[in-house]
Amino acid sequence: MDFMTITCERVVSSLSPEDLDALIEATSAGILDGGGFGWLQPPGHQALARYFEGLLLVPERSLYVVRDNGTICGAGQLVRPPASYEAHAATANLTGFFVAPYARGRGLGRVLLETMLKGAKAIGCKVVNCDIRETHVAAIGLFRSFEFEHWGTHPYYARIGGQTVRGLFLSKLLANENEAARWQSSIAMPDASSSASSSASEPETPTATHGLTLYPAIDLKDGACVRLRRGEMEDATHYSDDPGAQARMFAEAGCRHIHVVDLNGAFAGRSTNIPAIESIVKATSLPVQLGGGIRDMAAIERWLEAGVSRVILGSVAVKDPELVRQAARAFPGRIVAGIDARQGRVATEGWAEVSELEANDLALRMEDAGVAAVIFTEITRDGMLAGLDLEQTADMARRLSIPVIASGGVGTLEHLKALRDVARDVPGISGAIVGRALYDGRIALKDALDVLGSC
């Protein structure tokens, strides 16, 4: 007699080629059966391979797979909000949940869901949310059997075959009975008088803190490390002829990320400082985020395969937002939008052109497209050492649910302290890019790391 063995686990390292092939086959079958992951048709083996490999690079996402006799036949993702979003720290979203049609009816979905809920509890989640297309009747039945509550319906959830399909929003409270009672009893909104009295009588709770990331900048012009003033190529200060050595110095000083811009590429519309970029990637094991002249999927793929951790899309975010959307879906967590502005208006083509588009409007569009973060630079301050535009940066961060990295104008340690103080009230700010001030010695790397780490 043959015995069926169903197992489920969280994926914590790269899948073997055999497992990745099985996962892609199951995913493709699931998409063909009714759509999924935003696709109506399977995008192909390479695209799905990049998609699942990219998931492992996103700390907020946990990938679970379910096996039938050792073969992967389904998967699901548990998504946590960024660490800086303290108000949502106890929640998780369950997404990308499916079992291949050829493996249904054997209990795999139940094992997968049960394992994922245990995983959510293990990391401290109190609530798990999900949304499901109304036509996925079996999946809805499965979630309801685990006591998920239906709390809302989206009337225009998806367009499938020319038809509008509704979506259901479901939630499950994972807290124990005592915790659940406390949560449910605190849902009512207090009136103004009770709010006033409580604020007067109760001690203030200290604001939770989070560290900011320092991104030391390596700007490349003609193969050398330079810094521009206000984005003018003719106003460049030359710092080093060895970008790789510069990257090693940052790593040895304790930096954990490197920000690289191909200045020639930004003006040319294609990568130009290729040997210099490759030398930076090879010089250290630090994650490198790269921008400048990356304007098509081939260039994005080329640099991610070459070892770049994240690609920054700037001008193309304005001129080809669909490319950004496709890239963000193909490489989750690895696409960043670079929004450069002159007095709030978006600049493109290496800052040579200024559009009528407002920076905040573009940021919201990029969030909708699925980028992992936004880098905001006020060009009039870049390289001028006069301080960041904290007002614009904070305003953008308040409007978004993805991290905002501040850039342009850091000249003293006081500027970083000012950013730190703002970030304590605006947790959406996640880091700062610093260039000229580090090269000129106006700020010591150790001091910068200490200040941002104390946020």
Peer 1: Are Q77 and L94 side-chain neighbours, meaning at least one heavy-atom pair lies under 4.5 Å?
Peer 2: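 When only atoms from C-beta onward are counted, L94 and Q77 do not touch, as no gap falls below 4.5 Å.
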Peer 1: A side-chain contact here means heavy atoms from C-beta on lying under 4.5 Å apart; do I6 and C73 qualify?
Peer 2: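 Side-chain contact under 4.5 Å: no.
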Peer 1: Do F97 and F143 make the cut of ring centroids closer than 6.0 angstrom?
Peer 2: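 Ring centres of F143 and F97 closer than 6.0 Å.
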Peer 1: How long is the span from the CD atom in E301 to the CZ atom in F331, to the nearest 0.5 Å?
Peer 2: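 Answer rounded to 0.5 Å: 4.5 Å.
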Peer 1: Can you say whether the rings of Y439 and F250 are parallel (under 30°), tilted (30 to 60°) or perpendicular (over 60°)?
Peer 2: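 Answer is perpendicular, since the angle exceeds 60°.
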Peer 1: Short question: side chain of R10, backbone of G119 - any donor-acceptor pair under 3.5 Å?
Peer 2: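 Such a contact is absent between R10 side chain and G119 backbone.
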Peer 1: Taking Q392's backbone N and O only, do any of them form a donor-acceptor pair with D389's side chain (distance below 3.5 Å, no angle check)?
Peer 2: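 Checked: pair present.
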Peer 1: What are the two closest non-hydrogen atoms of A317 and V324, and how far apart are they?
Peer 2: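 Shortest heavy-atom contact: CA-CG2, 3.8 Å.
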Peer 1: Do R399 and D361 meet the salt-bridge criterion of a basic N to acidic O distance under 4.0 Å?
Peer 2: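 Between R399 and D361 there is no salt bridge, as every charged N stays at least 4.0 Å from the carboxylate O atoms.
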Peer 1: Under the rule for side chain to side chain contact (heavy atoms under 4.5 Å, CB included), what residues qualify as partners of D222, not counting sequence neighbours?
Peer 2: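 Result, side chain to side chain contact (heavy atoms under 4.5 Å, CB included) vs D222: N264.
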Peer 1: Find the distance between CG (N93) and SG (C130) and round it off to the nearest 0.5 Å.
Peer 2: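 Reported value, rounded in 0.5 Å steps: 8.5 Å.
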Peer 1: Between R270 and D296, does any side-chain N to carboxylate O distance fall below 4.0 Å?
Peer 2: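 A salt bridge is absent here (no side-chain N lies under 4.0 Å from a carboxylate O).
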Peer 1: Taking all heavy atoms of M396 and all of V404, pick out the closest pair and write down the distance.
Peer 2: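 Looking at all heavy atoms of both residues, the closest pair is CG-CG2, 4.2 Å.
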Peer 1: Do you know which of V260, I375, V261 makes side-chain contact (heavy atoms from CB on, under 4.5 Å) with I312?
Peer 2: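 The single option meeting the side-chain contact (heavy atoms from CB on, under 4.5 Å) with I312 is I375.
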Peer 1: Other residues, nucleotides and ligands only: do more than 12 of their heavy atoms fall within 6.0 Å of CD on E9?
Peer 2: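 Enclosed.
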Peer 1: Shortest non-hydrogen contact from I218 to C225?
Peer 2: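 Closest heavy-atom pair between I218 and C225: CG2-SG, 3.7 Å.
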Peer 1: Decide side chain to side chain contact (heavy atoms under 4.5 Å, CB included) for Y239 and D219; before the verdict, give the C-alpha distance in whole Å, the side-chain angles of both, and the deciding distance to 0.1 Å.
Peer 2: CA-CA 10 Å; Y239 286 104; D219 288 359; over 6 Å; no
Peer 1: Counting distance only, does the side-chain N/O of S279 pair as donor-acceptor with the main-chain N or O of A276 below 3.5 Å?
Peer 2: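 Side chain of S279 to backbone of A276: a pair is present.
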Peer 1: Looking at side-chain heavy atoms only, is the closest gap between L112 and L108 below 4.5 Å?
Peer 2: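 Counting from C-beta outward, L112 and L108 never come under 4.5 Å.
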Peer 1: Between D68 and T71 (side chain of the first, backbone of the second, donor and acceptor by atom type, cut-off under 3.5 Å), is there such a pair?
Peer 2: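 Judged by distance alone, no pair lies under 3.5 Å.
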Peer 1: Which pair of heavy atoms, one from P101 and one from D33, lies closest together, and at what distance?
Peer 2: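 It is CG-CB, 4.0 Å.
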Peer 1: Which pair of non-hydrogen atoms, one from A406 and one from T393, has the smallest distance, and what is that distance?
Peer 2: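 Where A406 meets T393 most closely, the heavy atoms are CB-CG2, 3.9 Å.
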Peer 1: If you measure only the distance, is there a donor-acceptor pair under 3.5 Å linking the side chains of H45 and D21?
Peer 2: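 Yes, D21 and H45 have a side-chain donor paired with an acceptor closer than 3.5 Å.
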Peer 1: Look only at the side chain of R436 and the backbone of V410, and say whether a donor-acceptor pair between them is shorter than 3.5 Å.
Peer 2: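 Not confirmed, R436 side chain does not pair with V410 backbone.
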Peer 1: Checking D19 against R67 for the salt bridge (Lys or Arg N to Asp or Glu O under 4.0 Å) test, could you report, in this order, the C-alpha distance in whole Å, the side-chain angles of both residues, the deciding distance, and whether it holds?
Peer 2: CA-CA 10 Å; D19 278 346; R67 302 173 185 267; 2.9 Å; yes
Peer 1: Would you give the length of the straight line joining atom CG of L23 to atom CG of L48, rounded to the nearest 0.5 angstrom?
Peer 2: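 Separation between the atoms: 8.0 Å.
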Peer 1: Can you check whether L174 reaches K126 side chain to side chain, under 4.5 Å on heavy atoms?
Peer 2: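 No. Closest side-chain heavy atoms not under 4.5 Å.
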Peer 1: Begin with the C-alpha distance, continue with both residues' side-chain angles, and end with the deciding distance and a verdict on side chain to side chain contact (heavy atoms under 4.5 Å, CB included) for S271 and I294.
Peer 2: CA-CA 6 Å; S271 295; I294 302 174; 4.3 Å; yes
Peer 1: Would you please test I433 and Q289 for side chain to side chain contact (heavy atoms under 4.5 Å, CB included) and show each step?
Peer 2: CA-CA 11 Å; I433 295 169; Q289 61 183 25; 4.3 Å; yes
Peer 1: Are the side chains of L214 and C255 in touch, meaning some heavy atoms are under 4.5 Å apart?
Peer 2: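 Contact flag for L214/C255 side chains = yes.
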Peer 1: Is there a side-chain contact between V434 and Y215 in this structure, where contact means two heavy atoms from C-beta onward sitting under 4.5 Å apart?
Peer 2: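 SC-SC contact between V434 and Y215 ruled out.
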Peer 1: Do Y51 and P332 have side chains that approach each other closer than 4.5 Å (heavy atoms only, starting at C-beta)?
Peer 2: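 In short, these two side chains touch, coming nearer than 4.5 Å.
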Peer 1: Just do the side chain to side chain contact (heavy atoms under 4.5 Å, CB included) check on I280 and L220 with the steps written out, would you?
Peer 2: CA-CA 11 Å; I280 292 169; L220 300 170; 4.2 Å; yes
Peer 1: Can you measure from CD1 (I339) to CG (L313) and round to the nearest 0.5 angstrom?
Peer 2: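 Atom-to-atom, I339:CD1 and L313:CG are 11.0 Å apart.
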Peer 1: So which atom in L286 and which in H257 form the shortest heavy-atom distance, rounded to 0.1 Å?
Peer 2: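 Taking every non-hydrogen atom into account, CD1-N, 4.4 Å.
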Peer 1: Could you tell me the separation between the CD1 atom of I300 and the CD atom of Q326, rounded to the nearest 0.5 Å?
Peer 2: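 If I round to the nearest 0.5 Å, the distance is 9.0 Å.
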Peer 1: Spell out, as yes or no, whether a donor-acceptor pair under 3.5 Å connects the side chain of R61 to the backbone of G333.
Peer 2: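 No, R61 side chain to G333 backbone: no donor-acceptor pair under 3.5 Å.
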Peer 1: Is it the case that E367 and S401 place a side-chain donor and acceptor less than 3.5 Å from each other?
Peer 2: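 Yes, side-chain donor-acceptor contact under 3.5 Å.
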Peer 1: Checking side-chain polar atoms at under 3.5 Å, does S145 have a donor or acceptor matched by the opposite partner on R110?
Peer 2: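 Yes, because at least one side-chain N or O of S145 sits under 3.5 Å from a partner of the opposite role on R110.
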Peer 1: Do NZ/NE/NH1/NH2 and the carboxylate oxygens of R302 and E278 come within less than 4.0 Å?
Peer 2: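 Yes, this pair counts.
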Peer 1: Mind checking whether E147 and L173 have side chains closer than 4.5 Å, heavy atoms only?
Peer 2: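 Not in contact.
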Peer 1: Rounded to the nearest 0.5 Å, what separation is found between the CG atom of L416 and the CG atom of L212?
Peer 2: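 Spacing of CG (L416) from CG (L212) equals 9.0 Å.
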Peer 1: Assess the residue pair E149 and R144 against the criterion (salt bridge (Lys or Arg N to Asp or Glu O under 4.0 Å)); give the C-alpha distance rounded to whole Å, side-chain angles, the decisive distance to 0.1 Å, and a yes or no.
Peer 2: CA-CA 7 Å; E149 297 181 25; R144 283 181 165 163; over 6 Å; no
Peer 1: Could you list the donor-acceptor pairs under 3.5 angstrom formed by side chains in residues 160-172, with sequence neighbours left out?
Peer 2:
unit_1, atom_1, unit_2, atom_2, d
T164, OG1, R159, NH1, 2.7
R166, NE, E134, OE1, 3.2
R166, NE, E134, OE2, 3.2
R166, NH2, E134, OE2, 2.6
S171, OG, N129, OD1, 2.5
S171, OG, W151, NE1, 3.0
K172, NZ, F146, O, 2.8

